Amino acid sequence: MDLSAKYTPQEFEKEIYKEWESKGYFHGDDKSSKPPFSIVLPPPNVTGALHMGHALVLTIQDSIVRRKRMQGYNTVWFPGTDHAGIATQMVVERELMKEGKSRHDLGREKFVEKIWEVKERHHGIIANQTKKMGASLDWERERFTLDEKFSKAVNTVFLKLHEKGLIYRGERLISWCSRCSTALSDLEVEQSPAKGKLYYMKYFVKGDPSQYVTVATTRPETLLGDTAVAVNPNDDRFKHLHGKKVIIPFVEREVPIILDEYVDMTFGTGCLKITPAHDFNDYEIGQKHKLEAITVIDKNGKMNNNAVQFKGLGVKEAREKVLVELENRNALEKIEDYAMTISKCSRCETVLEPLISHQWFIKMEGMAKRAIDAVKEEKIKFYPKGWWEETYYRWLENIRDWCISRQLWWGHRIPVWYCNDCKAYVVSEHHPVKPCNCGCPDYYQENDVLDTWFSAALWPFVAPGWPEKTDALKTFYPNSLMETGFDIIFFWVSRMIMFGLEFMDDVPFREVLYHAMIRDEKGQKMSKTRGNVIDPLLVTDKYGVDTLRFTLASMAGRARDIKLSENSIEGYSHFMNKVWQATKFVFINAQGYDTKCDIKKLKYPLNKWIISRLNSVSDVVNKKFDVYELNDVSESLYKFFWHEFCDWYIEFSKPMLADEASAGETKYVLLYVHREFLKLMHPIAPFITEKLFQENPLKDKETIMLDTYPEANEKLIDKEIENDLNTIQELVSSIRHIKTIYGINAKNDVIVVSAKYSKLINDLSGPLLKLATLKSLKVEKDTKGIDLAGCIRAVIPDVEIYLPAKEFIDFEKEKERLKKKLEPVAVNLNMTSAKLKNEGFLAKAGPEVIEKEKGKLDEFTKMDKELRDAIKMLESCIK
RNA sequence: GCGUCUUUAGCUCAGUUGGUAGAGCACUACCUUGACGUGGUAGGGGUCAGAGGUUCGAGUCCUCUAAGACGCACCA
């Protein structure tokens, strides 16, 4: 045995992981007959560094995976990284920008090459950080979304969806980020409140310059693209204008006044300018009324040819110029402040511009319906129970077609080829061999790449090998569990479900577990700009990986947020140290343990008690693990180890170790409980448990991670002895309490009166003397022969306690103390007896409840009487 | 605007099918106890956001109000 004085995790964590990995403990078997357990790691972005969110994911998933492995499942945890289209491209573009270059200076090929370099560089970092956290991932199966096989799968999916008619190319109004110069899906758009202005502009009626309509807009520059003015058909104010036309200034275009009930008569002026090319609602109205869509803003956010004299200006400058010109023409009525929301790119926060462009879409309705049914039919269960289902249904029920094309260079290039001549397209993985129908043999590939989430949605079946029919796929699909943040329920979870059902004809996973978001101690999102980031690597260097894991597990409750502070982490490091210190005690004292000891045939009640508690705790831990409530798992482990094993059992064991008769059995039990506890805690704190397990003479496997996870043995749970020991603990606490109040530090005498517990108390007199720091402990059947007036008293259920203390008893003080003790007892007594006299209660409460109340009544009555007697006696002494 | 959630000790949070409240941290007092001061022992601290209702009985179920968080939609 060679354990350092303190818990020093830095000394052994790295080595232990190396050992596990080199021995292949993380590897699952494709053809095992054991029940499978599989899960994919939500792939981190290749360029990302490990943050607390990752640490939480790794902790939760590794804990679940390790327990399953110990339970004998054929376990695989699939690792991988995601190419993360926009995010990664942005990182590299920023690097280039420092050199004053853009991606266009390099050209597509060179640029993509450069990203690969960056990817290789970062990949090692994130993989090492993941290993540092102890994650028992099956590294042999690691994948990257852009690797060859994955790309093959992506193309296959695209081809199949196209064959089924679910993929189409269309010219639509989409959200465009001019910074990233790409289209975005609805999900990548973030709304944020902004202060804007509402401009009231006059459009003059054609043929009658004395008449005009006033339209209100937040974006005057778009008037250049107006192709109608709409009013509500029921609006009397404008009835005289029905069928007339108005003239758009500058472009001098005549546009009709159209009627549409969409227009809110009560808002603004009741007149709505329609710009189909630059507003989603206007686009729809335009479609309905077959209006022309005139684009006036280009992909760089500049005014285009259709913007006459404003051509080439940025949107902002154009707006100012337009306003000046309007004023000159007396066409600007007024300007008001206005609170509005604007759409921003979720990646770079650039204000988005709705633009009409050619994009690729997937029809979602059919797939969404299947995805809804799968959850409704409980083919997938969501944890924790609650509001996730509703959110999921709502989104899928209102789903829109998914824009999957991105005008980026980093990603899966869409497997579509256009004829050089006639521009007809062919869907094909490689350059088509057959010439086009027009006779031209030459094609060029689509420039656009696919949305990152398109490939991400394939993880559950591509990770085990699809589209090949591998053994792994057979064994590990559907995955057992998907564990992820609720923020990507739409981006990822629902899409995996839709694609899984579409391509595997089965759900991708049986269960979904959502975890919370990590925030700082004030509840704010951690971000570099706020400077409130707690770096998991610094934390683990300082406190150890197990400490961080245990902290995160304790906080992984049902709440949506986890407020993390270094303070709380430090608290849990004390627990790890406690485990370390207690282990030292066990090992130092366990020399010469009884090697033939049988846990089922123990002699000593205290040993039976701790074994019973161990099994009770195993039961709770397993039940909580089954429903993924890791906070309860870690809380149970913490309480058991510290406040039962250390505070009571180890203290009890000291006199038992000193007694030759009980020493052998006690030493064995110490080692046994220690070993079983380590196994129970191993999934959450893998390193410290392995380190200490290796030193335990009772270790029965070469590694704790392949030992069996403890299950509760009902036969070893003894509720009676657990209750008895509760009383013993109360007895000790009561004596200590009195001694504290009276400042009695020395050993003293105590007499207890108890019919029920006299034998047990006699049996345990050794440990009791030690724990309560007593000189002697007498057990009597009644109070005859006790000088009651000279004693300080305490009462607990079924036990009366007397401390002879004639020389320093303070009757006044003692009376006050007992009165204070009496208060809650009397309140409880009144309440319970009132309850039991209440006819309504007797008639309607269940029989067990009534029995329980009767038991309480007895207990409170006795205690009440004892205390009142004692007080009376003190009063007589005072006189 | 629609929907979901939260509100319990100074702080962070538990509280199972309704039986008048728990933990950790923090706080106070005492303890150099041969595993551990990253410790031990004993304490103090809550009209469970507010109002009303159902019930014999409500932190727990229902309604409303207030504050906060999130999602969706609208935004001329």
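None of these values were measured; they are calculated from a predicted model. All values below were derived from every heavy atom in this structure, side-chain atoms included, with hydrogens, water molecules and symmetry-related copies excluded. Sequence lines set the chain letters: A, B, ... in the order given, protein chains first and strands last, and positions in each chain run from 1.
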State plainly whether the residues A:K288 and A:E284 are in salt-bridge range, i.e. N to O under 4.0 Å. no

What string of B, S and - do you get for nucleotides 33-39 of chain B 5' to 3' if you count protein non-hydrogen atoms under 4.0 Å? --BB-BS

Sequence neighbours excluded, which residues qualify as side chain to side chain contact (heavy atoms under 4.5 Å, CB included) partners of A:K770? A:K654, A:P655

When rounded to whole Å, the CG to P distance for the pair A:L396 and B:C72 reads 13 Å

Listed pairs, N/O of protein and of nucleotides 19-23 of chain B, under 3.5 Å:
residue : atom : partner : partner atom : Å
B:G19   : O2'  : A:E853  : OE2          : 3.4
B:U20   : OP2  : A:K856  : NZ           : 3.4

Distance between C1' atoms of B:C36 and B:C31 (Å, rounded): 15 Å

When rounded to whole Å, the OH to P distance for the pair A:Y392 and B:C70 reads 25 Å

Nearest whole angstrom, please: distance from the C1' of B:U12 to the CD1 of A:I562. 12 Å

Taking atom C1' in both B:A29 and B:A23, what distance in whole Å separates the two? 22 Å

Looking at every strand, decide which applies to A:Q191 at a 4.0 Å heavy-atom threshold: base, sugar-phosphate, or nothing. base

To the side chain of A:R400, which of B:A76, B:A14, B:A73 is closest? B:A73

What is the distance, rounded to the nearest whole Å, between atom NE2 of A:H737 and atom P of B:C30? 17 Å

Only Watson-Crick and G-U wobble pairs with both distances less than 3.5 Å should count. Give RNA chain B in dot-bracket notation, marking inter-strand partners with |. (((((((..((((.....[..)))).(((((.......))))).....(((((..]....))))))))))))....

Determine the interatomic distance between C1' on B:A66 and the same-named atom on B:G50; round to the nearest Å. 7 Å

Measuring only the P atom in each nucleotide, how far is B:C2 from B:C61? A whole number of Å is fine. 24 Å

Show every donor-acceptor pair shorter than 3.5 Å between a side-chain atom in residues 728-735 of chain A and any protein atom, with sequence neighbours excluded, or say none if there are none.
residue : atom : partner : partner atom : Å
A:S733  : OG   : A:Q729  : O            : 3.0
A:S734  : OG   : A:E730  : O            : 2.9

Check this one for me: any side-chain N or O of A:S733 less than 4.0 Å away from OP1 or OP2 of B:A42? yes

Nearest-Å distance, CG (A:N567) to P (B:G24)? 15 Å

Using the six-membered ring wherever Trp is involved, compare the ring planes of A:F382 and A:Y514 and label them parallel, tilted or perpendicular (cut-offs 30° and 60°). perpendicular

May I ask you to say what A:N281 touches in the nucleic acid, namely base, sugar-phosphate or nothing, with a heavy-atom cut-off under 4.0 Å? sugar-phosphate

Below the 4.0 Å mark, does B:A42 have OP1 or OP2 next to a side-chain nitrogen or oxygen of A:R736? yes

Run the numbers on A:E629 and A:K624 for salt bridge (charged side-chain N to carboxylate O under 4.0 Å, His left out), then give the verdict. CA-CA 5 Å; A:E629 282 165 19; A:K624 292 299 182 181; 3.6 Å; yes

Pairing residues for A:N622 by the side chain to side chain donor-acceptor pair (under 3.5 Å) criterion, not counting sequence neighbours: A:R67

Applying side chain to side chain donor-acceptor pair (under 3.5 Å) to A:Y593 and not counting sequence neighbours gives none

Expressed in angstrom and rounded to an integer, what is the separation of A:R394 atom CZ from B:C5 atom P? 12 Å

Between A:I741 and A:V215, whichever has its closest RNA chain B nucleotide further toward 5' is A:I741

Rounded to whole angstroms, how far apart are OH on A:Y742 and C1' on B:A42? 15 Å

Under 30°, 30 to 60°, or over 60°: which ring-plane class applies to A:F550 and A:Y572, parallel, tilted or perpendicular? tilted

Sticking with atom P, work out how far B:G46 lies from B:C5, rounded to a whole angstrom. 31 Å

Measuring only the P atom in each nucleotide, how far is B:G39 from B:G24? A whole number of Å is fine. 13 Å

I want to confirm an ordering. Mapping A:W395 and A:W648 to their closest nucleotides on RNA chain B, which one lands closer to the 5' end? A:W648

With the side chain of A:K563 defined as its heavy atoms from C-beta on, choose the nearest nucleotide among B:A42, B:U12, B:A76. B:U12

Identify, with sequence neighbours excluded, every residue that meets ring pair (Phe, Tyr, Trp, His ring centres under 6.0 Å) alongside A:H674. A:F587

Quickly work out the A:E190 CD to B:C70 P distance and round it to whole Å. 11 Å

Flag the pair A:R394 and A:E397 as a salt bridge only when some basic side-chain nitrogen lies within less than 4.0 angstrom of an acidic carboxylate oxygen. no

If I pick the P atom on B:A76 and the same atom on B:U4, what distance separates them, to the nearest angstrom? 28 Å

Within the 4.0 Å heavy-atom criterion, would you say A:T218 contacts the bases, only the backbone, or no part of the nucleic acid? sugar-phosphate

Under the ring pair (Phe, Tyr, Trp, His ring centres under 6.0 Å) test, residues paired with A:F677 that sit two or more places apart: A:F641

Got a sec, which residues hit side chain to side chain donor-acceptor pair (under 3.5 Å) with A:W648, two or more places apart in sequence or on another chain? none

Could you tell me how far B:A14 sits from B:G59 if I compare only their C1' atoms? Round to whole Å. 12 Å

Can you name the side chain to side chain contact (heavy atoms under 4.5 Å, CB included) partners of A:S573, sequence neighbours left out? A:Y543, A:T547, A:E570

Could you list the residues that satisfy side chain to side chain donor-acceptor pair (under 3.5 Å) with A:D858, not counting sequence neighbours? none

